[in-house]
Protein chains: 2
Amino acid sequence: MATRPATGVTIYQVAQRAGVSTATVSRALRNDPRISDPTRIAVQEAAAALDYLPRAAARSLAAGNRTHALGLVLPHIDGPYYADLLVGFETAASQAGYSVIITLANPRQDSRAAIRSLAAQVDGIAFMARSAARSDLIEEIARTRPVVTAARSRVGANDAFFVENEDVAEELTSHLLANGRQRIAFVGSPEPGSDLGMRHRGHQAAMTAAGLPTSTHPVFPSEQEGRRFALELLESGMEHDALVCGNDELALAVLQTLQQHGVRVPDDVAITGWDDTVTARYVSPGLTTVSQPVRQLGGMVVQRLSQRIDGADPTAEVVTLPATLAHRTSCGCNPTGGNNPNESNKELP
Amino acid sequence: MATRPATGVTIYQVAQRAGVSTATVSRALRNDPRISDPTRIAVQEAAAALDYLPRAAARSLAAGNRTHALGLVLPHIDGPYYADLLVGFETAASQAGYSVIITLANPRQDSRAAIRSLAAQVDGIAFMARSAARSDLIEEIARTRPVVTAARSRVGANDAFFVENEDVAEELTSHLLANGRQRIAFVGSPEPGSDLGMRHRGHQAAMTAAGLPTSTHPVFPSEQEGRRFALELLESGMEHDALVCGNDELALAVLQTLQQHGVRVPDDVAITGWDDTVTARYVSPGLTTVSQPVRQLGGMVVQRLSQRIDGADPTAEVVTLPATLAHRTSCGCNPTGGNNPNESNKELP
DNA sequence: CTGAAAGCGCTTACAG
DNA sequence: CTGAAAGCGCTTACAG
């Protein structure tokens, strides 16, 4: 039952047991059609009897340096966003015959070494959202192997995928305006180029088009900061009749905190989020938010990476996937109120 | 800007540019103290100028077959449970100098090939929960390299980690009983040996100890099935005054569906879940559920794997981490009602 | 259909 | 402090 020593069963031992050369073992195990059935069976039996597992490293080195692995750099996974991205990525990768090696790297930490080491293990690598990797590191790696980015500012001429932010944000704010809201504020720190930054721009465009003044509360998009902001708002007296929050985490924290202090949503204030988390469907009132095709995004990134590995050049264009409004009741347009999950994913007409 | 051909810069070219041997390059790049500063700097400059990235495969093959990678087999990630597990695992792995290669494998699909190929790439491998891997495959791989399982039935003499189910389940049901509930049902399919199976056992133990009859609704633990079950319950007339659900997904679906049909929770019926998902804190009433130390679990699995890789034998004992009640208001013991997030993680006294 | 042998890109005793 | 050379475990033309 003891694990074999580090240097376990090799192809030589399988060859010896089967009475053939290592070349034949190599071929038989990969079902090379040139090998005869009896030989193939003998080899497979020998391999099974010895629990032989061909070392991926040796195979990779011998077979033209392909690792058949894809790297994925993500920030730490909290919400469903990154989990879904990972699922989409892994599913597509395994279908395409790649394994996936992940590295979680938050913007703060120094992960140059970890990311370089990841790059050294894979045929191609994807950088997602606001993960640690700085642009110069990404450029350096891109000189070495195919690189694709997603939901983060483009690096060099590498392929880049996005989910649309600005237009949906404009649509969302317009919707609030159409329902009579006027004193609408954006909640979330709108760093230029970031997702929140783009959402903020779309929001502002709608406000400006309506001839209304804009108001922005630069709150870090976390539950904790959301609660703190809501309390501040309560102290200073609610001046807004709608809050467009940068993500669901923020929106939910604000929603719950305000409710706990007697504010009625959406009657007193409408609230919207972004990401369409599970909780958005369960809170009362149901949270109007934006749904993003995250799994699809993961799949498309893999597809592009795979093409690049097979020799394709980077495409010049940037791919932007559409996001859609998940229209529930916290936006205040639905006078019947009730949070009906059967309608939870309905879009605006 | 074009990616270099598959066979990119090698150690030979760095050696040539720096005017030293490949041995010196190898040492200089890994900061071997034997290399003089001037030489080291020259080598580093040459490597940087050429964007040299040492191939992990060649390195692994040359250096005693260590891959410095850990394998992680998970079912598809939906809830926060697996996402947290992954974060705990990855964090610990990267601290210990391992990269992590993941494979998502649901019980239905045939992933023997994928899992074997994963095993061939790593120094050790962890099988989590109800992922695809059958015991015979796990045993086969365990003969090859260190294997650890978590939250799934133990395989052979390999290290196995669990989060406690039965005792907490008993505690949870006892709590409902202490608050006057009598007609308590368990909701969820209690497959023997599974998490739900253990939770069911604990539940039954409490009921039996109280001299009460037990009632089990074998519902597949998903949102959809939860809703269907709730509708059935409504049709057949509510006979229960409490529902112990196998997980939060189920509990939340049941809770919301019943509420939509006028059932008052917890007044008419108490409801509890399991997993302490984000939504449990946001629904109204707050969902009483069970919180599991999932990140810690991931970290401990890595630690054990790492010890095994360093030569330790499998420990004979099975490690079971404690779970704790996350006590909110859906259980009906808190007459003041309100869903107060500040108390959301309070345990029972 | 099968084998002998070179080679993939590193690391590491062994020498000096 | 540095180098020459063997070797890690595979695959793959090249021969037969």
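Here is the naming used below: chain letters follow the sequence lines, and residue numbers restart at 1 for every chain. Quick caveat, the model's predicted, so the values are computed rather than measured.
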- Query: Could you state the interatomic distance from CG (A:L61) to OG1 (A:T67), rounded to the nearest 0.5 Å?
  - Reply: 12.0 Å

- Message: Given D:dG9, D:dT11, C:dT11, identify the nucleotide with an atom nearest to the side chain of A:T10.
- Response: D:dG9

- Task: Could you tell me which residues satisfy side chain to side chain donor-acceptor pair (under 3.5 Å) with B:S117, sequence neighbours excluded, listed by chain and number?
- Result: none

- Message: Tell me the interatomic distance from A:N65, atom CG, to D:dT11, atom C1', rounded to whole angstroms.
- Response: 12 Å

- Note on the structure: Taking C:dT11, C:dG7, D:dC8 as options, the one with an atom nearest any side-chain atom of A:A62 is C:dG7

- Rounded to whole angstrom units, what separation is found between the CG atom of B:D32 and the C1' atom of C:dA13? 13 Å

- By a strict heavy-atom criterion of less than 4.0 Å, which residues belonging to residues 34-43 of chain A are in contact with DNA chain D? none

- Pick base, sugar-phosphate or nothing for B:A23, based on heavy-atom distances below 4.0 Å to the nucleic acid. base

- Message: Among D:dG9, C:dG3, D:dG3, which nucleotide has an atom closest to any side-chain atom of A:V20?
- Response: C:dG3

- Message: Can you give me the closest heavy-atom contact between A:I309 and A:G124, atom names plus distance?
- Response: CD1-N, 3.9 Å

- Could you pull out all residues at least two apart from A:S153 that satisfy side-chain contact (heavy atoms from CB on, under 4.5 Å)? none

- Message: Once salt bridge (charged side-chain N to carboxylate O under 4.0 Å, His left out) is applied, what residue pairs with a partner in residues 15-24 of chain A remain, sequence neighbours excluded?
- Response: none

- Note on the structure: Assert: residue with more 5' nearest nucleotide on DNA chain D, out of A:R30 and B:A63, is B:A63

- Task: Between C:dT11, C:dG3, D:dC10, spot the one nearest the side chain of B:I11, thanks.
- Result: C:dT11

- Task: State whether B:T24 places a side-chain N or O below 4.0 Å from either non-bridging phosphate oxygen (OP1 or OP2) of D:dG3.
- Result: yes

- Query: How long is the line joining CZ of A:R27 and C1' of C:dC1, in whole Å?
  - Reply: 9 Å

- In whole angstrom, what separates B:L29's CG from D:dT2's P? 14 Å

- Rounded to the nearest Å, what distance is computed from the CZ atom of residue B:R59 to the C1' atom of nucleotide C:dC8? 16 Å

- Whole angstrom value for the distance that separates P of D:dA6 from CG of B:L61: 17 Å

- In whole angstrom, what separates A:L53's CG from D:dG9's P? 14 Å

- Item | C:dT12 and C:dG16, which share atom name C1', separated by this distance in whole Å | 16 Å

- Task: Go through DNA chain C and write down every stem, that is, every run of at least three consecutive Watson-Crick or G-U wobble pairs with distances under 3.5 Å, as range with range.
- Result: C:1-3 with D:14-16, C:5-12 with D:5-12, C:14-16 with D:1-3

- Task: Could you name each residue pair satisfying salt bridge (charged side-chain N to carboxylate O under 4.0 Å, His left out) that touches residues 113-122 of chain B, not counting sequence neighbours?
- Result: B:R116-B:E140

- Can you name the residues that form a side-chain contact (heavy atoms from CB on, under 4.5 Å) with A:A42, not counting sequence neighbours? none

- Measure the distance from CZ on A:R66 to C1' on C:dG9 and round it to the nearest whole Å. 18 Å

Below 3.5 Å, can you tabulate the donor-acceptor pairs from side chains in residues 296-307 of chain A to any protein atom, sequence neighbours excluded?
residue: A:R304; atom: NE; partner: A:Q307; partner atom: OE1; Å: 2.6
residue: A:R304; atom: NH1; partner: A:D159; partner atom: OD1; Å: 3.1
residue: A:R304; atom: NH1; partner: A:D159; partner atom: OD2; Å: 2.6
residue: A:R304; atom: NH2; partner: A:Q307; partner atom: OE1; Å: 3.1

- Which atom names give the shortest non-hydrogen contact between B:A119 and B:R145, and what distance separates them? O-NE, 2.8 Å

- Task: Enumerate the residue pairs fulfilling salt bridge (charged side-chain N to carboxylate O under 4.0 Å, His left out) with a member in residues 82-106 of chain A, sequence neighbours excluded, ordered by first and then second residue.
- Result: A:D84-A:R295

- Task: Examine the base of D:dC10 for any acceptor or donor lying under 3.5 Å from a partner atom in the side chain of A:Y12, and report the outcome as yes or no.
- Result: yes

